[in-house]
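Okay, so here's the structure we're looking at.
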Amino acid sequence: MTLRIEQLSKSYGHGARALDDVSLTVPAGVFGLLGPNGAGKSTLMRTLATLQQPDSGRVHFGDINVLTQPEQLRRVLGYLPQDFGLYPTMRAAEILDHFATLKGLTVNAERAERVQALLQQVNLWEVRGQRVGGFSGGMRQRLGIAIALIGAPRLLIVDEPTAGLDPAERNRLLDLLTDIAGDALVILSTHIVDDVRDICSHMAILNDGRVVVQGEPAALLQQVRGRLWSKRIAREALDGYRARNDVISTRRSMGMVLLHVYSESNPGDGFTQCEPDLEDVYFHRLR
Ligand code: ADP
């Protein structure tokens with residue numbers, strides 16, 4: 001099933017334009033929505049999750065008109081918001097059981113089976129009896145995903161799930177989302193470029209409420225291939241290089257600065273051509 005977003009706009013009071021004519025086509029797989037803080041990602045996620053209405057625009061998920069048939073969308077939706085509360089003294093299995101009851105799984109045996117399957121899927125079966133107050137950030141997120149999966153959603157929206165996770169937990173979470181994408185369309189909002197590089201088949205970059213670019217990561221990389229040049233320089237020299245070159249990114253590297261510049265031809269000056277990564281695409285588009 002495809003999600004089609006057409007000309008979506010939303011302003012908050014005081015004229016802040018959070019979404020400005022956003023159109024996106026989201027095919028099956030994991031779709032990465034990248035953008036800096038304030039880009040409008042959460043506004044878009046909440047709109048897709050039917051938690052708020054836009055000022056204008058249309059959204060369709062398959063045959064469902066998301067904006068006019070929100071209750072139909074909710075039946076096939078799983079949503080993990082950026083912040084969610086869990087009762088710290090409750091145990092993982094109890095929480096899942098509670099939400100499964102709310103979701104209408106009232107037959108005890110069926111519910112127990114579903115809760116067990118979900119805990120196993122998100123790798124929390126071993127800790128099902130532990131209080132969630134003692135859970136790590138990654139364990140909390142995986143429990144959040146289990147809750148979002150109770151109704152076997154066709155569309156799963158996860159808002160910044162990897163923020164603050166250590167690398168091992170981040171990988172676990174990304175593996176889990178990849179697995180889920182076999183059954184559901186997954187939209188992953190993030191400001192971490194590597195999340196998108198690692199698991200997304202399609203992506204878009206949002207900035208200031210507008211879609212800056214959308215497509216397949218590999219195709220977007222191809223657009224800048226051959227035009228990226230790098231050089232390691234002393235930090236003091238950075239301003240001079242900035243004045244002479246189209247600087248895309250700077251990274252600290254062994255006490256120096258690794259500079260990436262964009263240029264159709266060899267800028268000389270000791271630069272060597274480099275393979276672009278998604279971060280280059282991201283910064284190139286956000287300049
Ligand atoms: P992101 O998730 O990419 O950080 P948001 O959708 O949270 O972006 O925010 C987009 C813009 O809309 C920002 O300028 C933010 O300050 C503003 N904004 C978001 N939510 C509200 C709100 N409830 N009221 C007023 N302004 C908001």
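Throughout, residue positions are numbered sequentially from 1 according to the sequence presented. Ligands are counted one by one from 1 in listed order, and the atoms in each one are counted from 1 as well. None of these values were measured; they are calculated from a predicted model.
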Who's the nearest protein heavy-atom neighbour of [atom], and how far?
| atom | answer |
| --- | --- |
| atom 8 (O) of ligand 1 | Gly40 N, 3.0 Å |
| atom 6 (O) of ligand 1 | Thr43 OG1, 2.6 Å |
| atom 10 (C) of ligand 1 | Gly38 O, 3.4 Å |
| atom 23 (N) of ligand 1 | Tyr12 CE2, 3.8 Å |

salt_bridge([X], [Y]) N-O dist < 4.0 Å:
| X | Y | result |
| --- | --- | --- |
| Asp198 | Arg170 | yes |
| Arg172 | Asp175 | no |
| Glu94 | Arg128 | no |
| Asp277 | Arg251 | yes |
| Lys41 | Asp159 | no |

At a non-hydrogen distance cut-off of under 4.0 Å, which region of [X] contacts ligand 1 (side chain, backbone, both, or neither)?
| X | result |
| --- | --- |
| Ser42 | both |
| Ser189 | neither |
| Arg46 | side chain |

Test of proximity, [X] against ligand 1: N or O pairs below 3.5 Å:
| X | result |
| --- | --- |
| Ala18 | no |
| Asn37 | no |
| Ala39 | yes |

Can you label the angle between the Phe271 ring and the Tyr241 ring as parallel, tilted or perpendicular, going by 30° and 60°?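 If you compare the ring of Phe271 with that of Tyr241, the planes turn out perpendicular.
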Any non-hydrogen protein atom less than 4.0 Å away from atom 12 (O) of ligand 1: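 Yes, because at least one protein heavy atom sits under 4.0 Å from atom 12 (O) of ligand 1.
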Would you say atom 21 (C) of ligand 1 touches the protein, meaning some protein heavy atom is under 4.0 Å from it? yes
I'd like to know whether the aromatic ring centres of Phe31 and His202 sit less than 6.0 Å apart in this structure.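 No, they do not, as the ring centres are separated by 6.0 Å or more.
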Below 4.0 angstrom from a heavy atom of Pro36, which ligand 1 atoms are there? Numbered from 1 as shown, please. 3 (O)
Test item: Leu286 and Ile205 side chains (from C-beta on) under 4.5 Å apart, heavy atoms: yes
So, do Pro217 and Arg197 sit near enough that their side-chain heavy atoms are less than 4.5 Å apart? no
